[in-house]
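One structure below.
Quick note: numbers below take in every heavy atom, side chains included, and nothing from hydrogens, waters or symmetry partners.
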Amino acid sequence: MNTELRQEQERLDSVMETITEQISKIEDETSRHRKEVVNIRKHFWNDVKVNTDTFDDYLETIIGLRQQAQALSVSQSTHRHAFNRLSVLHRMQEVPYFGRIDFIEKGTSEVESIYIGVSTLMDTTGENFLIYDWRAPISSIYYDYPPGPVEYVTPEGVIHGLLDQKWQYIIRGGVIKSMFDTSLTIGDEILQQVLGKGTDKHMHSIVATIQQEQNRIIRHDHGRLLIVQGAAGSGKTSAALQRIAYLLYKYRDWIKADQIILFSPNAMFNNYVSRVLPELGEENMQQVTFQEYLDHRLSHAFQVEGPYEQLEYVLTASNDPSYWTRTASIRFKASTHFFETIKTYRQSLELSGMLFKGIKFRGKPFVSAKQISERFYNNDTSLRFHNRIEKLMEWLNERIDETEKLELTKPWVQEEIELLSKEEYQKVYTHLQNEHGFTEDSFDDYERESKILGRMIVRKKLKPLRKWVRTLRFVDFTGIYKQLFTDPTRIKLWIEGKTPEEWEEICLSTVKMLNEGKLFYEDATPFLLLKELIQGFQTNVSIKHVLVDEAQDYSPFQFEFLKRLFPSARMTVLGDFNQAIFAHASEMVDFHTLTSLYGPDKTDAINLTRSYRSTKPIVEFTRRLVPDGERIIAFERDGERPVLTQLSDRAELHRCIASKVVDLQKRHYNTIAIICKSAAESAAAYEVLSSVEEIKLVKSGSIEYEQGVVVIPAYLAKGIEFDAVIIYDASAQIYGDESLRRLFYTACTRAMHCLQLYSIGEPSPFLRNVTPDITRG
């Protein structure tokens, strides 16, 4: 061992001792705080004197309860903080740090060695940094600069200086395996080792391999919207997750993990990325799919189609007579053009067109739809729309109050009282005693008892009506949305420009679905927008940051909706327009559409062109599949060329795939994906290939990203990577239409180390301009 490496190992040994000491100390603290929490919970009520005889006694009781609750909260918080720190220290035992910069601050001559890891570590005095957190301002030098003049930004201002040297370490189990003096951001040696590994079931943090362009994403700190367009495998999702960790670190007094929300492609992806933030000592943010949000808001009223159901139809139903009508409907309803139409339509409802539902009480009309409509359009018309809705609610509640008084004298009330069982009677009495302080004397005569019980019965009967009014159930939202389509010519009142040629057919199919209590996926967001514009937007102002992954799968309409849903949030949007696979692709979001959300002054864009996921031969292959693919730059990691095997029939295909899987397993690939065009093709392939050992079928409802051998539709594989990918059937028959080019590209770019394509008969025309190794079956 040379002198420098020996000195570095001695320093590492000292750091490891400090980590061990801190672990021991915090374990003792954690144990003590745990006992405190258990003790407080156990004796919570013993330590509080409950007395409500006088106001002073009551006040003393409240103060005692508050003090006990506060003590419990402090102990729980301290225990949680210590537990989280303990988790970080245990991770640091394996890899305490991964980099070092030798920095000379301007105005001094002293060289300061800054060691960088996943978290800060102080010496035993608590005065000196042994390791700096990768998110600390000074750590940005490591990612952004080669040796020479540098600067970094602190809350106190910009610090200038000189980067003398930059070192990178590979440390395992407290031993320095190797160290590199490099002028690059991250040395190729480390990247080669990290990227050359097999995958597992979770995405991991990339702090040791963050590249300069990724660091720009992570530390971007101005504007309202950050757009990240990244080639497949460019690390945009990883960088975005590190960005969340950075924001939680920098703004820890202002933003918490539960104030950040990630809109992800599917539940399986949520599971796949769930480890990244905990690896960095941070709590996970909220994670949801847009479909889950729509279901939460609409599933009580409709059977809502999901995005993958819509996509499956587009991929498999081209022979359906209504296919072109449906795809035209999807594109039109995804557009900002339709968004503006909905807004104009809602404004028109101020003058006419609002539909209401009549309200019944005990099976008889209470107030008719016509009465509600006349009240809305004939009273208080000078008020704003939402104030008129509120006035309408007040009027209906007044009608309910009047009804309550009238119904008390009706014979049915006395009949209900007489039909009360002993158990029901006792239940009512106990409720009155607990809630209103009633005593036995309150029930001392028949007349008084009847009034009390009668009021209880009438109010209980009227309770559903009050809820009906409170939740605006008297507004016929479905009917109002349906009005857009019942007469195909009326849309000219609200739209600027043309409707699709298939508009009449679109209207018929939309009305048919609504009449069946169903909602096409392309109708879900427009329906919800119209509802929100009528009742008042249910915004979420507590969310401070929104992260949208696979942005190319969202329509311009949906982005306009998200902007209004989270009015206080900043937004980070990640996407690859080459992977736009949904039917609204011709109406998909682009840079111009996204910029218009908040304006160019509040929007920044970062473009990632270097692909790290796949070997250079795979990237060279896949980039020829898409327009402007020459802009994608492959990382210099060698590997085998993709192979295309042409076969004569499906039986031969299945024999070849089964054999290939065995071969890949012998080569110790952890994750092998057989990627199909659709769920229907995946199910058929899985049924035939089920003899392959431990093979699994991934469906749209799958929760966990599985290791091993999986059969999966291309659209579910988005955002995930596999050691080896087998394209089930890359023939012209399956991938012949130009609209499938991006789906095919998406499937091929999932491969890290090995890409095998099979084709029954003539290969896809997408392969004409690429040159994989070709074998004949």
Side-chain angles (χ1 to χ4, degrees), residues 297-303 354-380 383 386-480 482 514-517 531 534-536 538:
R297 296 295 309 278
L298 297 173
S299 61
H300 67 282
F302 295 103
Q303 181 182 331
M354 279 288 286
L355 300 178
F356 299 97
K357 299 175 184 176
I359 302 174
K360 291 185 176 182
F361 178 62
R362 300 188 68 245
K364 298 178 181 178
F366 170 72
V367 60
S368 69
K370 183 180 178 182
Q371 287 175 300
I372 299 173
S373 182
E374 288 175 350
R375 180 80 185 186
F376 183 77
Y377 283 115
N378 296 331
N379 289 70
D380 304 314
L383 295 175
H386 293 124
N387 295 125
R388 289 164 68 184
I389 295 284
E390 288 174 6
K391 284 286 185 181
L392 197 58
M393 293 169 68
E394 288 175 11
W395 174 69
L396 287 169
N397 278 318
E398 288 170 2
R399 293 286 302 267
I400 293 173
D401 291 340
E402 293 169 5
T403 300
E404 182 181 323
K405 293 175 185 176
L406 291 171
E407 293 295 318
L408 282 171
T409 59
K410 298 284 181 71
W412 71 267
V413 178
Q414 189 60 43
E415 290 172 10
E416 292 267 346
I417 293 172
E418 291 171 0
L419 290 172
L420 284 174
S421 66
K422 284 186 178 180
E423 291 77 12
E424 289 171 324
Y425 185 89
Q426 184 61 40
K427 194 175 179 180
V428 171
Y429 172 71
T430 304
H431 171 77
L432 291 169
Q433 193 176 36
N434 293 337
E435 296 294 322
H436 304 288
F438 278 73
T439 63
E440 290 183 12
D441 293 337
S442 304
F443 277 48
D444 58 357
D445 64 69
Y446 179 79
E447 185 177 341
R448 181 173 175 79
E449 177 184 308
S450 292
K451 283 183 179 179
I452 294 169
L453 291 173
R455 192 177 298 114
M456 284 282 294
I457 287 168
V458 172
R459 285 181 179 174
K460 185 178 179 181
K461 291 284 186 182
L462 287 170
K463 191 175 181 180
L465 265 67
R466 294 191 186 278
K467 183 178 180 182
W468 190 276
V469 172
R470 187 176 68 252
T471 57
L472 297 184
R473 295 281 298 280
F474 61 90
V475 178
D476 186 2
F477 293 108
T478 303
I480 295 168
K482 194 191 298 181
L514 290 168
N515 287 339
E516 293 174 2
K531 184 178 181 182
I534 291 170
Q535 68 182 11
Q538 296 186 31

Exceeds 12 heavy-atom contacts within 6.0 angstrom, atom NZ of Lys391
no

Can you confirm whether Lys482 is buried at NZ, in the sense that more than 12 heavy atoms of other residues, nucleotides or ligands lie under 6.0 Å from that atom?
yes

Taking CD in Glu374 as the centre, count heavy atoms belonging to other residues, nucleotides or ligands within less than 6.0 Å. Is the count above 12?
yes

Least distance between heavy atoms, Phe366 atom then Phe361 atom:
CB-N, 3.9 Å

Would you confirm whether Arg388, through its side chain, and Phe376, through its main-chain N or O, come within 3.5 Å as a donor-acceptor pair?
yes

Test your reading of the model: is there a side-chain donor-acceptor pair from Ser373 to the backbone of Ala369, 3.5 Å cut-off?
no

With a 4.5 Å heavy-atom cut-off, do Phe474 and Leu392 have their side chains touching?
yes

Find the distance between NZ (Lys405) and CG (Asp401) and round it off to the nearest 0.5 Å.
7.0 Å

CG-CD1 distance between Leu355 and Ile372, expressed to the nearest 0.5 angstrom:
11.5 Å

Do the side chains of Trp412 and Ile457 get nearer than 4.5 Å, heavy atoms only?
yes

Residues Val469 and Met393: closest non-hydrogen pair is O-CE, 3.6 Å

Quick check for you: to the nearest 0.5 Å, what is the distance between Ile534 atom CD1 and Ile480 atom CD1?
4.0 Å

By the definition side chain to side chain contact (heavy atoms under 4.5 Å, CB included), identify the one residue from Met354, Glu394, Gln535 that meets it with Ile389.
Met354

